[in-house]
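So the structure is just underneath, and the comments pick up after that.
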Amino acid sequence: MRLILLGPPGAGKGTQAQLLVERLSIPQLSTGDMLRAAVAAKTEMGLAAKQIMQRGDLVSADVVCGIVSDRLDEQDCANGFILDGFPRSIEQADILGDMLKDKAMALDHVIELTVRDSELVARILERATLSGREDDTQEVITNRLRVYQEQTMPLASYYDEMGLLRQVDGMASIDEVAQSIKMILGV
Ligand code: AMP
């Protein structure tokens, strides 16, 4: 099963991805986590990405697509994967499409978690008290939501036109969202 979880920051993609990892025994590929690991390891890529992430802007498509491509070649992705936080722009989606074609892989579903903006800021600020993430401040959240609306939201129609998009109400409880996703996937 090859999935994309689409949705704004704070929509619950990470939580739902974790539940799917357990249920389907396929890995969660979170570009945010991969980039944070590179920042922590102070690699060249991490150093370049750090300031962009602190502002809540998008790291370049080349960099992000490069790490995803390498990750997809690992053995544990052979039976499928859950992309969480990637792609985040039409440019990245186009590159992903070419990449999957080259690897003879095809997407099965794109699931969009929909949440009202007003709810998101509260959710992310609540997460900030637990995560200590530097980009969970009010100012950066506002920018991340703007970036989402401008660059990532168009992916819903992009994948809808391909017949892959399914929407789930992300305002429902974690259990209800998980149930809806299971129904869509038939698992
Ligand atoms: P996330 O944990 O998914 O919210 O990502 C945290 C930050 O990492 C984002 O605000 C971006 O700066 C960067 N990032 C994560 N995924 C991507 C992506 N697919 N493209 C560009 N930047 C990304």
Side-chain angles (χ1 to χ4, degrees), residues 1-37 40 53 56 58 64 68 71-72 76-77 79-89 92-93 96 107-149 151-160 162-187:
M1 182 89 71
R2 301 187 187 96
L3 304 177
I4 292 177
L5 285 184
L6 199 60
K13 298 187 299 294
T15 304
Q16 294 300 328
Q18 277 302 318
L19 296 172
L20 289 168
V21 165
E22 282 168 35
R23 183 149 196 107
L24 303 172
S25 303
I26 53 176
Q28 169 193 14
L29 273 49
S30 155
T31 42
D33 285 349
M34 293 180 207
L35 289 167
R36 278 185 288 278
M53 293 171 73
L58 293 189
V64 179
V68 171
R71 184 67 186 82
L72 290 178
D76 63 340
C77 291
N79 291 327
F81 47 80
I82 304 152
L83 289 171
D84 161 13
F86 176 87
R88 255 176 155 97
S89 64
Q92 292 182 13
L96 173 66
L107 289 172
D108 295 299
H109 299 279
V110 176
I111 296 176
E112 182 186 19
L113 300 181
T114 58
V115 186
R116 272 199 306 275
D117 259 20
S118 53
E119 176 82 358
L120 287 174
V121 177
R123 281 191 186 198
I124 303 176
L125 286 174
E126 189 184 316
R127 182 175 75 185
T129 59
L130 305 169
S131 74
R133 270 177 56 167
E134 286 182 34
D135 58 351
D136 275 349
T137 62
Q138 179 106 40
E139 190 190 343
V140 182
I141 293 164
T142 306
N143 188 43
R144 283 160 63 202
L145 291 175
R146 190 182 54 79
V147 168
Y148 183 81
Q149 274 163 5
Q151 307 210 42
T152 313
M153 282 254 275
L155 291 180
S157 10
Y158 178 98
Y159 286 116
D160 193 29
M162 292 184 183
L164 290 173
L165 186 79
R166 299 295 299 271
Q167 289 177 317
V168 170
D169 176 12
M171 310 277 287
S173 71
I174 291 176
D175 279 354
E176 284 166 336
V177 175
Q179 281 301 331
S180 304
I181 295 176
K182 278 197 281 185
M183 294 272 283
I184 291 170
L185 304 181
V187 296

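Keep in mind that what you see is a predicted model, and the values were worked out from it rather than measured.
Among pairs with a residue in residues 169-187, none fulfils salt bridge (Lys or Arg N to Asp or Glu O under 4.0 Å), at least two apart in sequence or across chains.
Scanning all heavy atoms of the two residues, the minimum distance from Tyr148 to Pro8 falls at CZ-N, 3.4 Å. The shortest heavy-atom contact between Leu113 and Gly12 is CD1-C, 3.7 Å. For Gln167 against Leu165, the heavy-atom pair with the smallest separation is CG-CD2, 4.1 Å. Residues Cys77 and Leu72 approach most closely at CB-O, 3.6 Å, considering heavy atoms. Phe86 and Ile4 get closest at one heavy-atom pair: O-CG2, 3.9 Å. For the residue pair Asp135 and Val140, the shortest heavy atom distance occurs at O-CG1, 3.6 Å.
Surrounding CE of Met171 are more than 12 heavy atoms belonging to other residues, nucleotides or ligands, all under 6.0 Å away. Summarising the local packing, CG of Asn143 is surrounded by more than 12 heavy atoms from other residues, nucleotides or ligands at distances under 6.0 Å. For Arg166, the CZ atom counts as loosely surrounded, since its 6.0 Å shell holds 12 or fewer non-hydrogen atoms of other residues, nucleotides or ligands. Shown here is Gln149, whose CD atom has more than 12 heavy atoms of other residues, nucleotides or ligands within 6.0 Å.
The structure places CZ of Arg144 at 11.5 Å from OG1 of Thr152, a figure rounded to the nearest 0.5 Å. From Arg23, atom CZ reaches atom CD1 of Ile82 across 12.0 Å, with rounding to the nearest 0.5 Å. Taken to the nearest 0.5 Å, the OG1 atom of Thr31 stands 9.5 Å off from the CG atom of Leu58. The line from CD1 of Ile124 to OG1 of Thr142 is 9.0 Å long, rounded to the nearest 0.5 Å. Between Leu5 atom CG and Leu29 atom CG the span is 11.5 Å, to the nearest 0.5 Å. Atom CD1 of Ile181 is separated from atom NE2 of His109 by 11.5 Å, given to the nearest 0.5 angstrom.
Remark: the backbone N or O of Arg88 is paired with a side-chain donor or acceptor of Gln92 at under 3.5 angstrom. Without hydrogens or angle criteria, Asp108 side chain to Leu3 main chain gives no donor-acceptor distance under 3.5 Å. A donor-acceptor contact shorter than 3.5 Å links the side chain of Gln16 to the backbone of Ile174. With hydrogens and angles ignored, the 3.5 Å screen pairs no side-chain donor or acceptor of Lys13 with any backbone N or O of Asp84. Between the side chain of Thr114 and the backbone N or O of Val168 there is at least one donor-acceptor pair closer than 3.5 Å.
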**Message:** Would Arg123 and Asp136 count as a salt bridge (charged side-chain N to carboxylate O under 4.0 Å, His left out) here? Give the steps.
**Reply:** CA-CA 10 Å; Arg123 281 191 186 198; Asp136 275 349; over 6 Å; no

**Request:** Please report the C-alpha distance between Arg71 and Asp76 in whole Å, then the side-chain angles of each, then the deciding distance to 0.1 Å, and finally whether the side chain to side chain contact (heavy atoms under 4.5 Å, CB included) criterion is met.
**Result:** CA-CA 9 Å; Arg71 184 67 186 82; Asp76 63 340; 2.8 Å; yes

**Request:** Mind running side chain to side chain contact (heavy atoms under 4.5 Å, CB included) on Tyr158 and Val110 for me, showing each step along the way?
**Result:** CA-CA 10 Å; Tyr158 178 98; Val110 176; over 6 Å; no

**Message:** Could you walk me through whether Val177 and Leu19 satisfy the side chain to side chain contact (heavy atoms under 4.5 Å, CB included) test, starting with their C-alpha distance in whole Å, then the side-chain angles of each, then the deciding distance to 0.1 Å, before giving a yes or no?
**Reply:** CA-CA 11 Å; Val177 175; Leu19 296 172; over 6 Å; no

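Evaluation of the salt bridge (charged side-chain N to carboxylate O under 4.0 Å, His left out) rule for Arg146 yields Glu150 as partners, not counting sequence neighbours. Remark: Arg36 engages Asp33 in a salt bridge (charged side-chain N to carboxylate O under 4.0 Å, His left out) (not counting sequence neighbours).
Two residues are said to be in side-chain contact when any heavy atoms from C-beta on lie closer than 4.5 Å; Gln138 and Val121 meet this criterion.
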